[in-house]
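Keep in mind it's a predicted model, so treat the numbers as computed, not measured. Note on naming: letters A, B, ... go to the chains in the order of the sequence lines (proteins, then strands), and numbering restarts at 1 for each one.
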Amino acid sequence: MTLDIKSTIVNSLKSVLADELSAEQITKLLEVPKTSKLGDYAFPTFILAKSRHHAPQKIAAELAEQIDPTPYEKIAATGAYINFFLDKGEFAEAMLHEIISAGNHYGDDNVGQQGNVPIDMSSPNIAKPMSMGHLRSTVIGNSLANILTKIGYQPIKINYLGDWGTQFGKLIVGYHKWGSEEAIKADPIGNLLKYYVQFHEAAEEDPELNDEGRAWFKKLEDGDPEATHLWKWFRGLSLAEFQKIYDRLGITFDSFNGEAYYNDKMDPVVDELAAKGLLEKSQGAQIVNLTAENLTPALIKRTDGATLYITRDLAAAIDRYNKFHFVKSLYVVGSEQTEHFKQLKAVLKKMGDDWADDIIHVPFGLITKDGKKLSTRKGNVVLLDQVLDEAVGLAKEQISAKNPALANANQVAAQVGVGAVVFHDLKNDRMDSFDFSLGEVVRFEGETGPYVQYSNARAQSILRKAQQDVDLNGTLTLVDPAAWDTLKALADFPATILRAAREYEPSVIAKYALRLAKTFNKYYANSKILVVDDQLNARLALVQATSQVLTQALSLLGVQAPIEM
RNA sequence: GGAGCAGUAGCUCAGCAGGAUAGAGCAACGGUCUUCUAAACCGUAGGUCGAGAGUUCGAAUCUCUCCUGCUCCA
């Protein structure tokens, strides 16, 4: 649809420009004006000024005269631009028919051709609470999975849990010293975290504790039954706690293979590196030299023989490739790890794995609290669960105040509260860092998730009151100029999805949803939908199409769209 | 010391591959609920787009230098 219009305009211009510009050049120059008042498409004539030795304004006026206006509502020269106004009725009919008949498949594409795309996302640390910091990776990854599914990819959501490391030795020591089974059962993560913090405080006084911790971790590595049992127990309880949050967010995973899963898969990687002559000794450690790539060396094995993060990640990357033969492998991980992923790709490249090029780090900015990085150990945390509780509570209050008769108030409060938090995290460019502010995150007015949800609920309310379904064979030629911006926004949805996918940027969808909601709010606030005239069916079609697309857009973000609120 | 990211209205941010008077939201001020849910709509006010050079008919947008903040590496 959109493409057809563009090529129509290009042909119109081509007919009066002859050989001055190619169709490709014209297509490239064609732009969308800032406001609909100026037109729907515009062609700037600056480029013709030199060859024609005329002022661009004059050229625009002349050309506008020459073009056959039949396919358009009108053509107007404004300044140096030739502005094309589309035939509103015709456009409306085509768009509304397409959107409503496609239903939830409007905007679908198959550029992905069913290619597998593992997405490394969320990845919280066992025995530590999930903070606002983990939300970003979780919701960005989830949204990207939704977006990629829509355009024909097959995402595989992998929760690469932080379930291995020396901290488990410390936890075991802490548990033995201060813990009890009852306490752990009552509040698993809370108490495990307490032991961990306590351990660090105690170790300041008594450094021997660190040795004890190391010894227990060694036991764990060697498969000691007690250590293994405790580790499994801690891991299982933590996971169950995480699952509660994932349930609230409505997010599922295809794999929970965390760091521990790769314990026995690292030696082969180290062997392969050695066999390919890539390992070098440096100050006792084993490294891969990356000076040629302008990177710091990748530390594969420490002086004491312990493997490092990158070794595990290499094993994981290779494992994922062998399992999925991915077309892309995404890592939704904070921007502070950019260097790490460059190293990872560089080492894989050196190993001869061309698919390293398909590894894509999707970085995001840092959430801080009072300007400082969140740190569980320093107690500078914002617990995700608490933020969600807060948001849902506020949504509940809002409902009591504004719509006390609402039937399923608790469910809607959850949808709105959680939606507000998730949408807030997704609406800005991934790379933007922001300082956490509860008031900002749980806002329901202005450019927020609830604003979009509310717009949709209003649309649904109108449709309910209409007492009649949209007739696809009836009149769809909506000619009301007040509806024009909404109509054009609806037409932008497919291209918006592709752009969001291309840039791995859910905020593109969030901003689109806000724009659509805004233009729709403006429309229905000023125009009565439910009046009986020959345009009623067309107006209802617009309302339905808008609700459909808003719901879809929110769903791509992982946000629910209640039909009443 | 090296690298990455960022710097647009009082605050939080848009501005897609350079184009028509730089746009929203929040906060402020003023309007709109007997009429499809006021979580909304309308209006007023608010900006040397960090600084300087360059490319271009044209730069918030591209290039370079510098300044500031955050992050990472050593």
S.K.: Rounded to the nearest 0.5 Å, how far does CZ of R458(A) lie from CG of L463(A)?
M.R.: 12.0 Å
S.K.: Among the candidates rC41(B), rC36(B), rU71(B), find the nucleotide nearest to the side-chain atoms of L530(A).
M.R.: rC36(B)
S.K.: Side chains of Y451(A) and N521(A): any donor to acceptor distance under 3.5 Å?
M.R.: yes
S.K.: Give a yes-or-no answer on whether the side chains of T303(A) and Q283(A) include a donor-acceptor pair shorter than 3.5 Å.
M.R.: no
S.K.: Measure from OH on Y524(A) to P on rU35(B) and round the result to the nearest Å.
M.R.: 15 Å
S.K.: Determine whether the aromatic ring centres of residues F84(A) and Y72(A) are separated by less than 6.0 angstrom.
M.R.: yes
S.K.: I need a per-nucleotide contact map over nucleotides 5-17 of chain B, read 5' to 3'. Cutoff is protein heavy atoms under 4.0 Å; write B for the base, S for backbone only, - otherwise.
M.R.: S-------SSSS-
S.K.: Could you tell me if the ring centre of Y331(A) sits under 6.0 Å from that of F341(A)?
M.R.: yes
S.K.: Between rA27(B) and rC11(B), how many Å separate the two C1' atoms, rounded to a whole number?
M.R.: 7 Å
S.K.: Where each residue is assigned the nucleotide of RNA chain B containing its nearest heavy atom, which of F444(A) and L29(A) is assigned the position nearer the 5′ end?
M.R.: L29(A)
S.K.: Using a heavy-atom distance cut-off of less than 4.0 Å, which residues of residues 475-488 of chain A contact RNA chain B?
M.R.: none
S.K.: Let me know the distance between CD1 of I287(A) and P of rC73(B), rounded to the nearest Å.
M.R.: 17 Å
S.K.: Indicate whether the side chain of S122(A) and that of S137(A) have a donor and an acceptor atom separated by less than 3.5 Å.
M.R.: no
S.K.: Categorize Q398(A) for me: base, sugar-phosphate, or nothing, with a 4.0 angstrom heavy-atom threshold over every strand shown.
M.R.: base
S.K.: Under the side-chain contact (heavy atoms from CB on, under 4.5 Å) test, which residues partner P494(A), sequence neighbours left out?
M.R.: Y106(A)
S.K.: Which pairs, protein N/O on one side and nucleotides 57-61 of chain B N/O on the other, fall under 3.5 Å?
M.R.:
unit_1: rC57(B); atom_1: OP1; unit_2: K50(A); atom_2: NZ; d: 2.7

S.K.: State which residues pass salt bridge (Lys or Arg N to Asp or Glu O under 4.0 Å) with D534(A); sequence neighbours excluded, sorted by chain then number.
M.R.: none
S.K.: Under 4.0 Å, counting only non-hydrogen atoms across every strand here, what does A457(A) touch: a base, just sugar-phosphate, or nothing?
M.R.: base
S.K.: Using the benzene-type ring in the case of Trp, are the ring centres of W484(A) and F91(A) under 6.0 Å apart?
M.R.: yes
S.K.: With C1' as the reference atom in both, quote the distance from rC73(B) to rA28(B) in angstrom, rounded to an integer.
M.R.: 46 Å
S.K.: For H134(A), check ring-ring contact (aromatic ring centres under 6.0 Å, His included) against everything at least two apart and list the hits.
M.R.: none
S.K.: Syn versus anti for rC33(B), judged by chi lying within 90° of 0?
M.R.: syn
S.K.: K150(A): which residues meet the salt bridge (Lys or Arg N to Asp or Glu O under 4.0 Å) condition with it, sequence neighbours left out?
M.R.: D108(A)
S.K.: Which nucleotide sits closest to the side chain of S461(A): rU37(B), rC41(B), rC72(B)?
M.R.: rU37(B)
S.K.: Considering only rG25(B), rA20(B), rA38(B), which nucleotide approaches the side chain of N83(A) most closely?
M.R.: rA20(B)
S.K.: So, F434(A) versus H424(A), ring centres under 6.0 angstrom or not?
M.R.: yes
S.K.: Tell me: CG of L463(A) to P of rU37(B), nearest whole Å?
M.R.: 11 Å
S.K.: Among rA39(B), rA40(B), rA20(B), which nucleotide sits nearest the side chain of K402(A)?
M.R.: rA39(B)
S.K.: Under 4.0 angstrom, heavy atoms only, what part of the nucleic acid is A395(A) near: base, sugar-phosphate, or nothing?
M.R.: nothing
S.K.: Rounded to whole angstroms, how far apart are CD on E336(A) and P on rG4(B)?
M.R.: 16 Å
S.K.: Heavy atom of residues 553-565 of chain A under 4.0 Å from RNA chain B: which residues?
M.R.: E564(A), M565(A)
S.K.: Quick one: side-chain hydrogen bond (donor to acceptor under 3.5 Å, both in side chains) partners of D471(A), sequence neighbours excluded?
M.R.: none
S.K.: For the residue pair E280(A) / S282(A), report whether a side-chain donor-acceptor contact shorter than 3.5 Å exists.
M.R.: no
S.K.: Looking only at side-chain atoms of K342(A), point me to the closest of rA39(B), rG4(B), rC41(B).
M.R.: rG4(B)
S.K.: Between P on rA24(B) and OH on Y451(A), what's the gap in Å once rounded to a whole number?
M.R.: 12 Å
S.K.: List for me each residue that meets salt bridge (Lys or Arg N to Asp or Glu O under 4.0 Å) alongside R464(A), sequence neighbours excluded, and say none if there are none.
M.R.: none
S.K.: Applying side-chain contact (heavy atoms from CB on, under 4.5 Å), name anything that partners I100(A), two or more places apart in sequence or on another chain.
M.R.: V470(A), L472(A), A541(A), Q544(A), A545(A), Q548(A)
S.K.: Using Watson-Crick and G-U wobble pairs whose two distances are both under 3.5 Å, how do you write the pairing of RNA chain B as dot-bracket, with | for links to another strand?
M.R.: (((((((..((((.....[...)))).(((((.......))))).....(((((..]....)))))))))))).
S.K.: Rounded to whole angstrom, note down the C1' distance from rC29(B) over to rG46(B).
M.R.: 12 Å
